[in-house]
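Step one of this worksheet: look at the structure below.
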Amino acid sequence: MAGSPQMTHPDGRVDLIDSSAIAGSRFYNPELAPVPVEGRHWNTYNYFALWMGMAHNIPSYTLTASLIALGMDWLQAFLTITLGNLIVLIPMLLNSHSGTKYGIPFPVFARAFYGVRGANLAALLRAFIACAWFGIQTWVGGEALFVIVGKLAGGGWINAAQVGGQPWTLWLCFGLFWVVQMLIIWRGMEAIRRFENWTAPLVSVGFLILLAYVVIKAGGFGPILSEPSKLGWGADFWQVFAPALMGMIAFWSTLSLNMPDFTRFGGSQKKQVTGQILGLPTTMSFIAIVAILTTSGAVSLYGEAIWDPAQLASRFDSPILVVIALIALVLATVSANLAANVVSPSYDFSNAFPKRITFAMGGLITGVIGILIQPWRLISDPSIYIFAWLGFYGGLLAAIAGVFVAGYWTISKTRLKLADLYKDGEGAYWFNAGWNWKAVFATVLAGLLAVGGAYGGPFPADGLIPFLKPLYDYSWVVGAVVGYVAYLLLSVNAKKTEEEASAADRTSRIDPAAVDG
């Protein structure tokens with residue numbers, strides 16, 4: 001297959017001059033192909049709106065509120081979530097660079113390090129986690145819809161006959177919420193961008209209504225801010241802080257991998273970087289403050305930390321307030337779910353079978369798996385939500401992030417051979433039958449050390465592998481650092497071995513007579 005030359009524009013973005021030479025490859029389809037530079041037009045606001053849409057949703061709220069439920073006071077919870085988001089922003093921006101420079105989505109980017117075939121290991125791991133998140137977001141969105149209709153229809157709706165431990169009306173809302181999202185994703189990425197743009201300014205309304213109601217009922221911020229920490233600042237706090245911080249980081253560790261899915265449309269590196277810096281820390285800090293104050297207020301009002309905003313809203317006296325607040329929360333959840341949990345697996349499943357699975361079909365697969373995972377179980381308990389679910393997958397994805405950063409920034413110096421990412425049986429990224437076993441080994445090693453000691457929730461109290469249990473409290477950091485170091489060492493050693501073999505081969509071909517002469 002003839003090589004397709006690439007062109008670097010003055011701003012550093014790279015284009016394929018001609019893609020016809022790779023268009024017939026089984027690893028190519030139009031949706032996975034590099035976006036031409038003239039098609040990369042997302043601006044700073046688009047990325048800010050994207051993050052506002054992704055961050056302002058019910059699971060973001062429950063993430064922060066769960067820290068109050070675990071015993072932290074408002075200041076401890078706010079510091080934990082803010083620090084977590086500042087940390088995860090670093091690998092997110094590092095991995096975002098490739099999307100804007102080359103116009104490629106996450107699974108194609110992964111081919112540069114895992115191989116054209118091996119990239120499916122990273123892509124499908126990310127995809128299945130996204131499916132679970134899609135299910136979680138759809139469940140809590142359906143629950144909010146259930147409460148809205150219940151306030152209007154009365155007790156018969158809320159107390160309907162149960163199926164599988166839940167009212168059948170709740171299952172109906174879950175199903176309706178699922179269908180609406182599938183219809184939007186079927187229209188493609190441009191429909192998602194437009195949806196994010198117009199919902200972004202609205203998604204804060206529901207949370208502010210919740211906060212205002214609780215503050216007024218509680219008699220101001222005084223009672224809320226005076227709620228003491230049940231953990232103090234001693235050993236009890238630090239024992240919860242480390243795994244909670246890993247959970248905060250893990251919450252967006254999925255996006256830290258697949259942001260190229262969005263930055264491939266970026267008008268420039270400056271636009272995507274500025275939009276993300278303005279978007280992620282600020283929007284998550286805002287939702288953190290709102291969730292902390294609202295949940296602390298609920299403790300003052302009701303004597304318990306109600307970490308589910310739909311359940312909190314259901315206790316309000318005014319049906320009008322409930323409906324307005326929860327409609328805003330439903331819109332926010334649709335916005336977040338489409339961007340954070342459908343776009344990536346749609347590309348990932350398409351990457352597995354480029355000629356058979358389109359972006360829209362990948363979205364449908366995501367939706368079906370999201371139901372099969374039974375998300376209502378994952379979000380049923382704050383300790384399972386943070387320590388088991390977030391902590392475990394965060395460590396696994398951190399291992400992949402470490403490989404990416406080592407490969408793209410340290411080894412490749414951000415230089416990729418764009419056409420070779422799509423070549424079948426040849427090219428720089430074919431490695432060994434399409435697999436780069438150095439990246440696979442580094443990922444397995446880092447993942448084992450990060451989550452091998454998993455404990456709590458469904459895991460044994462002593463940890464899956466007891467001597468690794470202490471590392472599990474730092475799962476994301478362990479996964480990222482070990483993944484980076486292991487891949488770097490393996491790649492450097494392999495390169496050194498190849499150079500030595502090449503030098504020896506050149507020496508063996510020297511004509512002895514010429515040397516004697």
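Every value quoted in this text rests on a predicted model; they were computed, and no experiment measured them.
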Enumerate donor-acceptor pairs with a distance under 3.5 Å from any side-chain N or O in residues 174-182 to protein atoms, sequence neighbours excluded.
from: Trp178; atom 1: NE1; to: Gly367; atom 2: O; distance (Å): 2.9
from: Gln181; atom 1: OE1; to: Asn337; atom 2: ND2; distance (Å): 2.7
from: Gln181; atom 1: NE2; to: Thr138; atom 2: OG1; distance (Å): 3.1
from: Gln181; atom 1: NE2; to: Phe177; atom 2: O; distance (Å): 3.1

task: Let me see the working for Trp252 and Met284 under side chain to side chain contact (heavy atoms under 4.5 Å, CB included), right down to the final yes or no.
output: CA-CA 11 Å; Trp252 291 122; Met284 281 301 290; 3.4 Å; yes
Which atom pairs, donor and acceptor, lie under 3.5 Å between side-chain atoms of residues 78-85 and protein residues at least two apart or in another chain?
from: Thr80; atom 1: OG1; to: Gln76; atom 2: O; distance (Å): 2.7
from: Thr82; atom 1: OG1; to: Phe78; atom 2: O; distance (Å): 2.8
from: Asn85; atom 1: ND2; to: Ile81; atom 2: O; distance (Å): 2.8

Side chain to side chain contact (heavy atoms under 4.5 Å, CB included) partner of Pro34, the single match among Leu418, Asp15, Val14: Leu418
- prompt: Could you walk me through whether Phe262 and Tyr47 pass the ring pair (Phe, Tyr, Trp, His ring centres under 6.0 Å) check?
  reply: CA-CA 8 Å; Phe262 302 98; Tyr47 288 104; 8.0 Å; no
query: Quick check, are the ring centers of Phe392 and Phe459 under 6.0 angstrom apart?
result: yes
query: Are the side chains of Lys423 and Val116 in touch, meaning some heavy atoms are under 4.5 Å apart?
result: no
field: Qualifying residues under side chain to side chain contact (heavy atoms under 4.5 Å, CB included), relative to Pro91, sequence neighbours excluded
entry: Ser256, Trp476
query: Can you tell me if NZ on Lys417 sees more than 12 non-hydrogen neighbours from other groups inside 6.0 Å?
result: no
Would you give me the side-chain donor-acceptor pairs under 3.5 Å for residues 401-411, sequence neighbours excluded?
from: Tyr408; atom 1: OH; to: His97; atom 2: ND1; distance (Å): 2.8
from: Trp409; atom 1: NE1; to: Leu94; atom 2: O; distance (Å): 2.9
from: Thr410; atom 1: OG1; to: Tyr484; atom 2: OH; distance (Å): 2.7

task: Decide yes or no on side chain to side chain contact (heavy atoms under 4.5 Å, CB included) for Asn95 and Phe109, but give the supporting numbers first.
output: CA-CA 9 Å; Asn95 287 327; Phe109 177 50; 4.0 Å; yes
query: Minimum heavy-atom separation for Leu32 to Pro107, with atom names?
result: CD2-CG, 4.4 Å
Partners meeting salt bridge (Lys or Arg N to Asp or Glu O under 4.0 Å) with Asp473 (sequence neighbours left out): none
message: Let's go through Ile365 and Val368 carefully: what are the C-alpha distance in whole Å and the side-chain angles of both, what is the deciding distance for side chain to side chain contact (heavy atoms under 4.5 Å, CB included) to 0.1 Å, and is it a yes or a no?
response: CA-CA 5 Å; Ile365 293 171; Val368 172; 5.9 Å; no
- prompt: Going by heavy atoms in the side chains, are Val273 and Ser96 under 4.5 Å from each other?
  reply: no
Heavy atoms from other residues, nucleotides or ligands near NZ of Lys270 exceed 12 (cutoff 6.0 Å): no
task: Search all heavy atoms of Ile369 against all heavy atoms of Phe349 and return the closest pair with its distance.
output: CD1-CZ, 3.8 Å
statement: All heavy atoms of Leu421 vs all of Arg111, minimum pair found to be O-NH1, 2.9 Å
- request: Tell me whether the centres of the aromatic rings in Tyr422 and Tyr28 are closer together than 6.0 Å.
  value: yes
query: Is there a side chain to side chain contact (heavy atoms under 4.5 Å, CB included) between Arg117 and Trp430 once you walk through the steps?
result: CA-CA 8 Å; Arg117 283 176 170 164; Trp430 188 247; 3.9 Å; yes
message: Checking Trp437 now: which residues fulfil side chain to side chain contact (heavy atoms under 4.5 Å, CB included) with it, not counting sequence neighbours?
response: Asn432, Trp435, Val440
query: Where is the tightest heavy-atom contact between Ile400 and Leu125, given as atom of each residue plus distance?
result: CD1-CD2, 3.7 Å
message: Testing the basics here: between Arg40 and Gly266, what is the closest heavy-atom pair and its distance to 0.1 Å?
response: CB-O, 3.2 Å
Arg26, CZ: over 12 other non-hydrogen atoms inside 6.0 angstrom: yes
- prompt: What's the verdict on side-chain hydrogen bond (donor to acceptor under 3.5 Å, both in side chains) for Trp51 and Gln276, showing C-alpha distance, side-chain angles and the deciding distance?
  reply: CA-CA 7 Å; Trp51 272 113; Gln276 292 199 74; 3.3 Å; yes
query: Which heavy atom in Leu257 sits nearest to a heavy atom in Pro260, and how many Å separate them?
result: O-CD, 3.2 Å
message: Set out, in order, the CA-CA distance, both residues' side-chain angles and the distance that settles side-chain hydrogen bond (donor to acceptor under 3.5 Å, both in side chains) for Arg126 and Tyr347, then state yes or no.
response: CA-CA 11 Å; Arg126 166 65 181 95; Tyr347 283 127; over 6 Å; no
